[in-house]
Each structure stands twice: as C-alpha cells, then as structure tokens.
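As structure tokens, the structure follows; a few thoughts come after it.
What you see is a predicted model, and the numbers here were worked out from it, not measured in a lab.
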2 protein chains.
Amino acid sequence: MQYSKSTDYALHALLHLGHPERHANVGIKELSATLGVSESYLSKIMSKLRQDGIVRAVPGVNGGYELARPAGRITFLDVIQVMEGREQLFECSNSKSQQHQLLADDGADEPVRERRGNGECLVEKVMLGAQQHLHQYLQEHTIQSLLDEAFKRHFNLEGNKK
Amino acid sequence: MQYSKSTDYALHALLHLGHPERHANVGIKELSATLGVSESYLSKIMSKLRQDGIVRAVPGVNGGYELARPAGRITFLDVIQVMEGREQLFECSNSKSQQHQLLADDGADEPVRERRGNGECLVEKVMLGAQQHLHQYLQEHTIQSLLDEAFKRHFNLEGNKK
DNA sequence: CTATTGTGGACCTGTGATATCCATAATAAA
DNA sequence: TTTATTATGGATATCACAGGTCCACAATAG
Ligand code: SF4
Ligand code: SF4
C-alpha cells in the first residue's frame, strides 16, 4: 500500500510549475531535466494531468505546460486521485458469502429481504470512515501551501545566517 | 490504491474467530466454507497472521486457529499492516534531483552542508501527516468494536419486529 | 511552410497479487 | 506407538499493472 512513483513525479512537476518566478509554458525538457525523469514517461504523466484539468498544455514553438488554476486550488487529493484513480480503499469481494449474513444481518434467520439499506455493511463503514479521514487531510494541503512553507523556511534560514 | 483481497479475507476470518459462541480452535475447513475462499489460499493468510502473533494455531486432530489476544486488542491497523506491509504511504524516489534542493533548501545557494535535519522534506511531511491520520483512525477500530456494533444492530432489529 | 512541442498508441519488462498443489511437520486420540 | 488429522511452507502458474521506451502524428507559433 504505497503511492506510485507517478504520483511522486506529478507532485514535483506541479510544484515546479507553481514556483513564483516561472515564465508561463514550461516545456517537457525543462521538467524532465529538473526532476530527473525521462521525457517520454513524464509526458505521459503530464498528459494525464491535462486530461483531468489540472494543467493546460500548448504545443508548438515555445509551448509547454502551465497550471490550469491557482496553485492554492490544487490539493494533494486532486493530484493523488488523478494518478492513483478514485476507487475506494476497500471493496468487498464476496458479499454473498456466509460471512456476509453475520455482519450485515447478524445471523438473524429472517427470510431474504432485499430492502438493503438498514442492512449496510459494517466493514465497509469502518473503511469508508478511514478513507474520509485521509481525504479530508489531503484536501487541506495544496501545492500553494507547500510552496508557502518552503518559502517560510527559506526566510528563517536566511534570518539565522545574518 | 486499494487494499488487497488478502486483507479482506483476513478481516473476515478474524471476525469469525472473534464471534462470541465459538468453540476454540476453528479449523481451516470451517473458515474456508464460511468465507467462500479456498483452503489453500486461506491457510497462507492464517499462517501470516500467526507469524505476526494475531492468532495461535495448533495442528493435529481437533486443531485449528484461535485469537492470540482479546478481540478488543486486535485493531484494523494491526490486520492491515500484517497483510499490506508496513512501508510508508509515500517514499521519495529521487532525493538527489535538482527538485530536491528547491523543497528542502528552497533554492538557497549555500554550499552543500550535509547537516540534514532542519532541511527535512516538506512533501514527506505532508504525506506522513496523512498516514498518521489514517493510522490513528484505524487503530480506534477493533475486531471487537465491529462485533459489538453488529450485535447492537441485531438487537435493534429484533426489537422492531416485536 | 517549417521547426518545435505535446499526444497517444504499441510495445517491453519485472514485480506482486491471487491462487493451486503437494510433501512434510506437528499433534491428539486410539 | 501408530494413525488420522490439521497446519506449514516451498514450488509453480497466471494475470494485471507499474514503470518505462519508442515512434508516428497533430497542433501551433513564427
Ligand atoms: S459484511 Fe461487508 S465486507 Fe463482509 S461480506 Fe458482507 S458486504 Fe462484504
Ligand atoms: S523534496 Fe522530498 S520528495 Fe522532493 S526530492 Fe527532496 S526528499 Fe524527495
């Protein structure tokens, strides 16, 4: 259970694009050189980010990428969901097993009522709760907020030096 | 990014073992039949749970598995970590790239000082935070707590029927 | 028109999840 | 002590997917 390298790359690419004194339209070459990732692979990732509306891309001379919206509105969750997909953390694989009855109906021998609604899965409920906690946290952190913190740290270091 | 089926199976197996009126030493046959998973595969999972001290196993006639400690002390996090491993959610893949400087030192052109300590990674910091939130939540839910809730629900249903 | 730059498809490789089979070890009961 | 039973661990198979390369093509600015 670990985020893929693609997520790593995507985050770093966006952080680069979000850097204050950046001329618009950063080319794949610059990104590739900065991150140390092959152009071929990185372009796949950028393409995905574009399809999901995180960045804009323009081909042609002096083309390149730029953020499609302010860095403050690009959350970690956004990026992660683009790269890792939006499936849920836990998905039951055999909801018609004998086990299921025990947890959804707790062994009650009532005839199969298909109302299904108050008989909602408790395992999934726990896991969904976990997922929501995780997502909420990831939504509170944006590309901008990380950049801000980096700047703050830099400022403090400079201060100490003098 | 999804938990594996093994985790699903493990959770259900433990829920079965934790059931109140269970004779000790539940055999792999019973588990397999209840969960609807092959004996071969399920035994692998049980073996892993044993190696991590979640269950005890005794071979031989009338042998089987039982919880190694009270169900209230087996958390979801425990189970998930046994099955999914304990790697962290995010692991940097190229900490010596050009990017790294930007985020750890924020572009300061100071000579490479290898003190490393106040120059801690901000991306990892965010991700570690996310992981801790997730883990904390998963630690608050145990096999017992889920079982309790299932019982409570059952009780309410019975009440409504009368 | 042309050089430049992103897009998308085909393809390759290694790894890990899922799963089965079997030989062996351990154990309780007869 | 033997025997039937039950868990263990190694070997193996299959399959999907992460990670990555290459290339032909589309789009665009100048
Ligand atoms: S209780 Fe939930 S997780 Fe378990 S089998 Fe039913 S639906 Fe699936
Ligand atoms: S800033 Fe953090 S994530 Fe980025 S390269 Fe450095 S160590 Fe890795």
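- For the residue pair B:S145 and B:D148, no side-chain donor N or O sits within less than 3.5 Å of a side-chain acceptor on the partner.
- In this structure, the side chain of A:N94 engages the main chain of B:L35 through a donor-acceptor pair within 3.5 Å.
- A donor atom on one side chain and an acceptor atom on the other are found under 3.5 Å apart for A:Q136 and A:E140.
- With hydrogens and angles disregarded, a donor-acceptor distance shorter than 3.5 Å links the side chain of A:T34 to the backbone of A:E30.
- For the residue pair A:Y41 and A:S32, no side-chain donor N or O sits within less than 3.5 Å of a side-chain acceptor on the partner.
- Phosphate proximity of D:dA7 to B:S47: absent, as no side-chain N or O sits under 4.0 Å from OP1 or OP2.
- Between the CD1 atom of A:I45 and the C1' atom of D:dA18 there is a distance of 11 Å, given to the nearest Å.
- Look at CG on A:N25: it is 14 Å from C1' on D:dA27, rounded to the nearest Å.
- At a threshold of 4.0 angstrom between heavy atoms, the contacts of B:Q51 are confined to the sugar-phosphate backbone, with no base atom among them.
- One atom, CD1 of B:I28, and another, P of D:dT8, lie 8 Å apart when rounded to the nearest Å.
- Rounded to an integer number of Å, the gap from CD of B:E30 to C1' of D:dA7 is 15 Å.
- Distance NZ (A:K29) to P (C:dT4): 9 Å, rounded to an integer number of Å.
- Taking the six-membered ring for Trp and the full ring otherwise, the centers of A:H141 and A:Y137 sit less than 6.0 Å from each other.
- Without hydrogens or angle criteria, B:D8 side chain to A:S93 main chain gives a donor-acceptor distance under 3.5 Å.
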One character per nucleotide, please: for nucleotides 12-19 of chain C, 5' to 3', B when the base has a protein heavy atom closer than 4.0 Å, S when only the sugar-phosphate does, - otherwise.
-----SBB

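- At least one side-chain heavy atom of B:M83 sits under 4.5 Å from a side-chain heavy atom of B:K48.
- Contact annotation: A:R50 reaches the phosphate of C:dT7 (side-chain N/O to OP1 or OP2, under 4.0 Å).
- For A:E84 (side chain) and A:S4 (main-chain N/O), a donor-acceptor pair under 3.5 Å exists by modelled atom type.
- The separation between A:L42 atom CG and C:dT7 atom P is 11 Å, rounded to whole Å.
- Taking atom CG on B:L49 and atom P on D:dT8, their separation rounds to 10 Å, with Å as the unit.
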B/S/- along nucleotides 25-30 of chain C (protein heavy atoms under 4.0 Å) is -BBB--

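- The NZ-C1' distance, from A:K48 to D:dG20, rounds to 13 Å in whole Å.
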